[in-house]
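These notes are about the structure you will find just below.
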2 protein chains.
Amino acid sequence: MDGKVTIREVAALAGVSPSTVSRVLNGNHRQHMTPTTRDRVYAAIDALRYTPLSSARSLRRQRSHVLAVVLPDISNPFFSLLARGVESVAFGQGCSTMICNSDHSLDKERHYLEILLAEQALGVVYIPTSTPDEPGLSRLARSGARLVVADRFVPGFPSVRADNVGGSRALAEYVLSCGYRRIAYLAGPETVSTARERLQGFREALDAAGACPVTVKHGPFTCEAGYELSIELARSARVDAIVTANDMMALGALRALEDANIPVPNGVGVAGFDHTPWTTYLRPQLTTVEVPALQIGEVAAGQLLSEATEDACLPTRLIEGETCLRCR
Amino acid sequence: MDGKVTIREVAALAGVSPSTVSRVLNGNHRQHMTPTTRDRVYAAIDALRYTPLSSARSLRRQRSHVLAVVLPDISNPFFSLLARGVESVAFGQGCSTMICNSDHSLDKERHYLEILLAEQALGVVYIPTSTPDEPGLSRLARSGARLVVADRFVPGFPSVRADNVGGSRALAEYVLSCGYRRIAYLAGPETVSTARERLQGFREALDAAGACPVTVKHGPFTCEAGYELSIELARSARVDAIVTANDMMALGALRALEDANIPVPNGVGVAGFDHTPWTTYLRPQLTTVEVPALQIGEVAAGQLLSEATEDACLPTRLIEGETCLRCR
DNA sequence: TTGTAAGCGTTATCAG
DNA sequence: CTGATAACGCTTACAA
């Protein structure tokens, strides 16, 4: 009964031509039409529960209504929140959201970029795993897909991200103000702009205070990396604070210090970055910097759909938790 | 140069007809073809970097290669992990994954079900927010979409879920074995099968032990609900353990007890359900039941793609954390 | 303001 | 084993 109703049956029922039905649906606001016909068309549409077939529409228009989010790991709370921001805006504008989980694999990421080409995606929110796939990206852009990089910086493409430098600087200043001096920094991967920006902000603050980091170590944005690197630090015992490039690494650091029987924040202070939603439930509460993941997703999707993609820098906010003790 | 290469150009370059190219791509394993032509076609395909257009293919085939996941909240770690399971299997089979975030709204969920009709989705992994949208579901099924319910039970549809009853029973037995006797149960929404099953398992265990719950309260699967309900319990001070229907509620309970200055696990024991990934990082570690979210997603997607949808019940596992003290 | 008709890129049917 | 041809359902010039 339903399921195979096309624009022709709607047209027939309304006593008009298919093109008229199409015009009603796509509200070509230039063209005006008799209110009577328009009403008849609408009546027929919901009498038959008609929904235009996406594939036919996309084929004709040479463009789908799919918004894609390419990200390293959808099960990472930060990215899933960002994805939710994208989805919510997309849905509001009648678009579908495709998830492209690159799984931290450049290959899978590349593969997805090609799929999006075939999909004729309307827009893509792209969070590169590490070094972005430039050729894939520009191929996509040339094909007419709108493109915005999120949470990362890629030269030549508009990017929506948080104020990593400023946030990191503020955090470092706070850590210094707590009295910590022998600070180690666990940076993320050198290939990720976000990591570089956070390191930069950290360095700026220390420089300004005439201090310098005891050590800076790079590693992936994971708990495990945070743990391993911190274990080494705990052994050498020369640090009084560990500042990390994201909350995951901070978590690893906390576990490492726990295993080494070093009290936090009195023995060693710890700070993270991102304010991953559930970290609020940790005890002691993690000192970190809030990055508005949801909002990044919303802004990115909004730009895509308004056809006005441009760089945007969203403010971050220091979260004074309990892993750095002021005036200890 | 690329971006507008169609099957015709590939055919031209390979010196064959479009149909032959199509046959090569869709490997009609009934039809055999000269290895020579097949090789020429492949050569042309990657010389031109040809990728068939999804919309054209879907229009012709009357079926897309999209796998959709309809879920209440993608930013909930449990669901995002499940979604990742779906995506990983889908990707492996050349399918795209669409995220349909119902945002706990029946309306949005219904809307998405219609969109999936228009999208001619190949398959749908459906996690209803509460009462499932039966008409929408059967319309979708009648349209030819493969359908599997995940993490919930909906009569008349195959469902992939965890052994909630058994897991909950085991958990309750464990809590009893710890010596807790005045146990309150914070159940999820009455409309959600998962919540009902967990409550059932809990009841079975208590019955078998000749005990009975001090109280059973229903509420949404949220931290806030867990907090509010626990605050009331803390006031009445008649309970020595709070068992909740999921980890979120357990988290709320922990905060409420903290605010009421009641020590966990000595004053009151707490237990959750799901083993949401990051709960490992809580201190004290949450006593809970592991539900294999990733695997549920993988199995559901696997069934969809193998065209063999059937009920599946995945095993759960008790996680002895630190919020219930054995032999206290 | 509305209708006619062509064609988007693929695949399935049917001949050869 | 391969090629011509006709759709799939929709939108958009172009006519009327």
Side-chain angles (χ1 to χ4, degrees), chain A residues 2-42 44-45 48-65 94 115 117-120 122 143-144, chain B residues 2-42 44-45 48-66 94 117-120 122 143-144:
Chain A
D2 43 27
K4 39 193 326 36
V5 30
T6 78
I7 201 171
R8 310 188 82 87
E9 0 260 276
V10 176
L13 180 59
V16 299
S17 78
S19 19
T20 302
V21 177
S22 176
R23 276 190 211 98
V24 169
L25 278 163
N26 303 303
N28 210 331
H29 292 296
R30 292 206 158 283
Q31 312 236 55
H32 277 278
M33 46 199 22
T34 322
T36 336
T37 54
R38 207 197 47 206
D39 291 347
R40 279 220 310 276
V41 169
Y42 275 128
I45 284 176
L48 299 174
R49 302 178 116 282
Y50 167 69
T51 323
L53 209 58
S54 314
S55 56
R57 191 193 276 251
S58 303
L59 176 57
R60 183 55 234 235
R61 287 238 189 105
Q62 294 291 294
R63 192 54 52 201
S64 78
H65 53 181
I115 289 177
L117 220 52
E119 214 70 59
Q120 299 192 290
L122 177 57
S143 85
Chain B
D2 44 27
K4 41 194 320 44
V5 31
T6 78
I7 202 171
R8 310 188 82 88
E9 359 260 274
V10 176
L13 180 60
V16 297
S17 76
S19 357
T20 301
V21 178
S22 176
R23 273 189 215 101
V24 170
L25 278 163
N26 303 303
N28 212 333
H29 292 295
R30 291 209 157 282
Q31 311 236 57
H32 277 278
M33 45 197 25
T34 322
T36 336
T37 55
R38 207 196 46 204
D39 291 346
R40 279 220 311 277
V41 168
Y42 276 127
I45 285 176
L48 299 175
R49 302 178 117 282
Y50 167 70
T51 323
L53 208 58
S54 314
S55 56
R57 190 193 276 251
S58 303
L59 175 57
R60 182 57 234 233
R61 287 240 190 104
Q62 293 292 293
R63 192 55 51 200
S64 79
H65 53 184
V66 165
L117 221 51
E119 215 69 58
Q120 301 192 288
L122 178 57
S143 85

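Lettering follows sequence order; numbering is per chain, from 1. Computed from a predicted model, the values in this text were never measured in an experiment.
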- State whether the side chain of B:R40 and the backbone N or O of B:A14 hold a donor-acceptor pair below 3.5 Å, judged by distance alone. yes
- N/O donor-acceptor pair under 3.5 Å between A:T6 side chain and A:R8 backbone: yes
- Looking at D:dT2, C:dT10, D:dT11, which one has an atom nearest to any side-chain atom of B:T20? D:dT2
- Query: Of all the nucleotides listed (D:dT11, D:dT2, C:dT2), which has the minimum atom distance to the side chain of B:T34?
  - Reply: D:dT2
Within the structure shown, what part of the strands sits under 4.0 Å from [X] by heavy-atom distance: base, sugar-phosphate, or nothing?
X: B:S19; answer: base
X: A:T37; answer: sugar-phosphate
X: A:L53; answer: sugar-phosphate
X: A:S55; answer: nothing

- Message: Base of C:dT11, side chain of B:R60 - is there a donor-acceptor contact under 3.5 Å?
- Response: yes
- Query: Donor-acceptor pair under 3.5 Å: do we get one between B:R57's side chain and the base of C:dT10?
  - Reply: no
- Message: Can you confirm whether B:L48 sits close enough to B:L13 that some side-chain heavy atom of one is under 4.5 Å from a side-chain heavy atom of the other?
- Response: yes
Please state whether the phosphate of [N], meaning OP1 or OP2, lies under 4.0 angstrom from any side-chain nitrogen or oxygen of [X].
X: A:S17; N: C:dG3; result: yes
X: B:T6; N: C:dG9; result: no
X: A:R61; N: C:dC8; result: no
X: B:Q62; N: D:dG9; result: yes

- Pairwise 5' ranking along DNA chain D for B:A56 and B:G15, keeping only the more 5' one: B:G15
- Message: Can you see whether A:T36 engages A:T34 through a side-chain donor-acceptor pair at a distance of less than 3.5 angstrom?
- Response: no
